[in-house]
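Structure record follows, encoded as structure tokens.
Remember, predicted model here, so these are calculated numbers, not experimental data. Below, each value reflects all heavy atoms present in this structure, side chains not excepted, and no hydrogens, waters or symmetry copies. Counting starts at 1 for both ligands and their atoms, in listed order.
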Amino acid sequence: MATIAPSRRVRRTPFSDGVEAAGVKGYTVYNHMLLPTVFESITADYRHLKDHVQVWDVACERQVELRGPDAARLIQMLTPRDLRKMRVGQCYYVPMVDETGGMLNDPVVVKLAEDRYWISIADSDLLFWVKAIALGFRLDVLVDEPDVSPLAIQGPKADALMVRLFGDAVRDVKFFHFGWFDFQGRSLTIARSGYSKQGGYEIYVEGGDIGMPLWNALFAAGEDLQVRAGCPNMIERIEGGLLSYGNDMTRNNTPHECGLGKFCNTNTAIGCIGRDALLRVAKEGPVQQIRAIAIEGDIPACDRAWPLLAGGKKVGQITSAAASPDFGANVAIGMVRMTHWDAGTRLEVETPAGLRPATVQDKFWI
Ligand code: THG
């Protein structure tokens, strides 16, 4: 594979020096920023993530900040998930859609104050959409991208590591909640969340200057826990059914097709953009939906959609796939038409390396 040319458009992060010192071997670009994809090897990184604890530079999960008297009104316009019960200190995973109900992003929303939110975005330029909505509706709210860079601590020993830096109180942070914790005289927003199923935290590092001091403190404190630099692991996230915007879904998909119907309260999310379109979808149900798919045989890297066939006819597509050491199969995420989405349905995948047998699963692996 060729390299990524360094340039100002491909932004470095406050942790990039640490990531390079740790021997990063591959990058992707996410929200116009570097995102590590591999350190030792994807399978070695996978094993280590499931057994120990890793520190992930996920600064590319950029924040769109809403601040001002109309922040609450604006955030509810942006998502069909009902946010009326959301309290300060909570995080919500939410679909964001356009006026047709098409997915624009699937961020984590962080409620910092009644009049202040962070939208922790997946890989699309959501800032432009949010700014345009705020302007078009003449809302009294500031919308911008603050100097905030998430650092994720993931793996079974994440609690053990975090307690050493932030004290026992960090254990009390509940899933998809956050608290404020001191580090070198600065207050850090720390949530129990992250893009893996192994458990852990996300530290929203405000101010790039404390990036490397925090990075170094975590590695110094976790030596005996075998702490390592890591990154979202493709195998583990497919096993866990964690969706990747731009890969597993695009603007052409509704939340219901993505299995995110449970995060849509179209009846009560009054004022949300796309509500009329989604009311129709919610009533009739989707005609295709995300499924866990097991694929047999050898498969190449999934860098394009692979057609899913039944009797030679296209009935869907595979959008992410990887060989899983723990499940002894190729795990995959696909969008499958209603006629063929039942668990146990046998299909064929048209990979660039040839046709492979596949079976629709009843659920994801973890
Ligand atoms: N953390 C933060 N920001 C992010 C991500 C993250 N922005 C980009 C990307 N990841 C957004 N996509 C997701 C996808 C899945 C989840 C979080 C963000 C996730 N899902 C859990 C699950 O499916 O099991 C929990 C969902 C729930 O029950 O609320 O965590 O990872 N800050």
Give every pair made of an N or O atom of ligand 1 and a protein N or O atom lying under 3.5 Å apart, one pair per line with both atom names and the distance to 0.1 Å, or write 'none'.
unit_1, atom_1, unit_2, atom_2, d
ligand 1, 1 (N), E61, OE1, 3.4
ligand 1, 1 (N), E202, OE1, 3.0
ligand 1, 1 (N), E202, OE2, 2.8
ligand 1, 3 (N), E61, OE1, 3.3
ligand 1, 3 (N), S120, OG, 2.7
ligand 1, 7 (N), S120, O, 3.0
ligand 1, 7 (N), I121, O, 3.3
ligand 1, 12 (N), D106, O, 3.2
ligand 1, 12 (N), D106, OD2, 3.4
ligand 1, 24 (O), K197, NZ, 2.4
ligand 1, 31 (O), Y195, N, 3.4
ligand 1, 32 (N), S120, OG, 3.0
ligand 1, 32 (N), E202, OE1, 3.1
ligand 1, 32 (N), Y204, OH, 2.9

Exercise. Start with the C-alpha gap between S124 and N105, add the side-chain angles, then the distance that decides, and say whether side-chain hydrogen bond (donor to acceptor under 3.5 Å, both in side chains) holds.
Key: CA-CA 6 Å; S124 77; N105 206 289; 2.8 Å; yes
Show which side-chain atoms of residues 207-223 pair as donor or acceptor with protein atoms under 3.5 Å away, not counting sequence neighbours.
unit_1, atom_1, unit_2, atom_2, d
D209, OD1, R186, NH2, 2.9
D209, OD2, R186, NH1, 3.0
N216, ND2, M212, O, 3.2

Quiz item: Do Y93 and V110 sit in the same hydrophobic cluster, where Ile, Leu, Val, Met, Phe, Trp and Tyr count as joined when their side-chain heavy atoms come under 4.5 Å apart?
Solution: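 Per the 4.5 Å side-chain linkage, Y93 and V110 are co-clustered.
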Quiz item: Of R87, R192, Q90, which meets side chain to side chain contact (heavy atoms under 4.5 Å, CB included) against H177?
Solution: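 Looking at R87, R192, Q90, the match for H177 under the side chain to side chain contact (heavy atoms under 4.5 Å, CB included) is Q90.
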Quiz item: Can we say R47 and E236 salt-bridge, meaning some charged N sits less than 4.0 Å from an Asp/Glu carboxylate O?
Solution: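 Looking at R47 and E236, the cut-off is not met.
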Quiz item: Does NZ or CZ of R81 fall inside the cone over Y92's six-membered ring, less than 6.0 Å from its centre and within 45° of the axis?
Solution: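 Yes.
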